[in-house]
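First comes the structure, then the notes that go with it.
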Amino acid sequence: DAGVIQSPRHEVTEMGQEVTLRCKPISGHDYLFWYRQTMMRGLELLIYFNNNVPIDDSGMPEDRFSAKMPNASFSTLKIQPSEPRDSAVYFCASSLLPSGASQETQYFGPGTRLLVL
Amino acid sequence: QKEVEQNSGPLSVPEGAIASLNCTYSDRGSQSFFWYRQYSGKSPELIMFIYSNGDKEDGRFTAQLNKASQYVSLLIRDSQPSDSATYLCAVLSDYKLSFGAGTTVTVRA
């Protein structure tokens, strides 16, 4: 399996622009997670989906952030408008079962490094 | 806010020594505990998970869990230069993982 695929790997944009990050989970995985990692705040869960349905978006920082999962093999995280404080590495992860059940775990994609100028 | 605290690093150990990493968590309802390794510029990868009190060994890695003390640790025996990375403690509550800030380990050859 190719693992979790994310695109783009790097994104540089100007403040106020719309940014769309993309993720393809591992085939057959029912759960998809979006995380953000910064030096100041570490790795934070933004939102997660089960069978394409958003289950918990309490980590989404504000209304400028939105996430969708139109089908089992694709998800997007959108920031509109972007701000310099959104600069971070955004990871997508997927799992077969929610972490903690049996021995399944979350598999992380390579991340998208976002820089908002 | 479910807090996960890790011992501050960086931690520098000579090759062949034992590296000891500690983690405490605030939510007594936490169910499962994970250690992820993250190389610089890379994504986290799972190296150990533990659900029950006591020790769990996997190769050179040993995870220890004490739910009464809300404490989980990771020992790396016979440390190798390839173990140089940041180690993230993660705690599961309500199907969500909360991560610590990480401890950076450097193994000196």
Side-chain angles (χ1 to χ4, degrees), chain A residues 2-7 9-10 21 23 25-26 29-51 53-61 88-113, chain B residues 1-10 21 23-53 56 58 61 63 65 67 72 74 85-104:
Chain A
V4 176
I5 299 172
Q6 292 186 246
S7 64
R9 296 292 303 276
H10 301 272
L21 311 181
C23 175
I26 294 172
H29 281 192
D30 298 323
Y31 288 81
L32 183 140
F33 306 82
W34 281 102
Y35 290 91
R36 177 174 67 177
Q37 187 174 39
T38 63
M39 289 294 291
M40 290 296 294
R41 300 177 64 89
L43 194 59
E44 304 172 283
L45 176 66
L46 300 178
I47 185 172
Y48 80 93
F49 296 82
N50 176 25
N51 290 325
V53 176
I55 302 301
D56 190 325
D57 65 355
S58 59
M60 296 286 263
V89 181
Y90 291 81
F91 288 105
C92 176
S94 71
S95 71
L96 184 57
L97 294 170
S99 293
S102 184
Q103 296 184 10
E104 290 301 329
T105 189
Q106 296 181 20
Y107 297 88
F108 282 75
T112 295
R113 283 154 181 76
Chain B
Q1 181 73 18
K2 297 178 173 58
E3 295 186 355
V4 180
E5 301 285 341
Q6 294 186 238
N7 52 326
S8 59
L21 307 174
C23 175
T24 59
Y25 57 95
S26 62
D27 183 9
R28 283 196 172 274
S30 299
Q31 301 132 355
S32 310
F33 308 86
F34 302 79
W35 284 99
Y36 280 80
R37 177 177 61 199
Q38 186 174 25
Y39 292 113
S40 180
K42 302 297 184 181
S43 57
E45 58 177 330
L46 182 77
I47 54 173
M48 287 285 288
F49 61 88
I50 186 167
Y51 305 129
S52 304
N53 280 328
K56 180 181 179 182
D58 184 0
F61 298 97
L65 174 61
K67 290 186 178 180
V72 59
L74 179 71
T86 296
Y87 290 81
L88 302 170
C89 174
V91 176
L92 181 73
S93 295
D94 298 327
Y95 299 120
K96 296 190 294 184
L97 281 179
S98 297
F99 285 84
T103 300
T104 298

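Proteins come first, then strands; the chains are lettered A, B, ... in the order of their sequence lines, and each starts at number 1.
With a 4.5 Å cut-off on non-hydrogen atoms, A:L43 touches chain B through its backbone and its side chain both. Contact annotation for A:Q37: only side-chain heavy atoms (C-beta onward) come within less than 4.5 Å of a heavy atom of chain B. No part of A:R41 comes within reach of chain B, as not one of its non-hydrogen atoms sits under 4.5 angstrom from that chain. With a 4.5 Å cut-off on non-hydrogen atoms, B:Q38 touches chain A through its side chain but not through its backbone. Contacts between A:S58 and chain B at a heavy-atom distance below 4.5 Å involve the side chain alone, from C-beta outward.
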Practice task
List the steps, then state whether side-chain contact (heavy atoms from CB on, under 4.5 Å) holds for B:L97 with A:F33.
Solution key: CA-CA 10 Å; B:L97 281 179; A:F33 306 82; over 6 Å; no
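B:S43 contributes no side-chain N or O that, together with a main-chain N or O of A:G111, makes up a donor-acceptor pair within less than 3.5 Å.
With a 4.5 Å cut-off on side-chain heavy atoms, B:P44 and A:F91 count as touching.
We find the CD1-OG1 distance between B:I47 and A:T105 to be 11.0 Å, quoted to the nearest 0.5 Å. Annotation: the span from A:F108 atom CZ to B:Y36 atom OH amounts to 5.0 Å, rounded to 0.5 Å.
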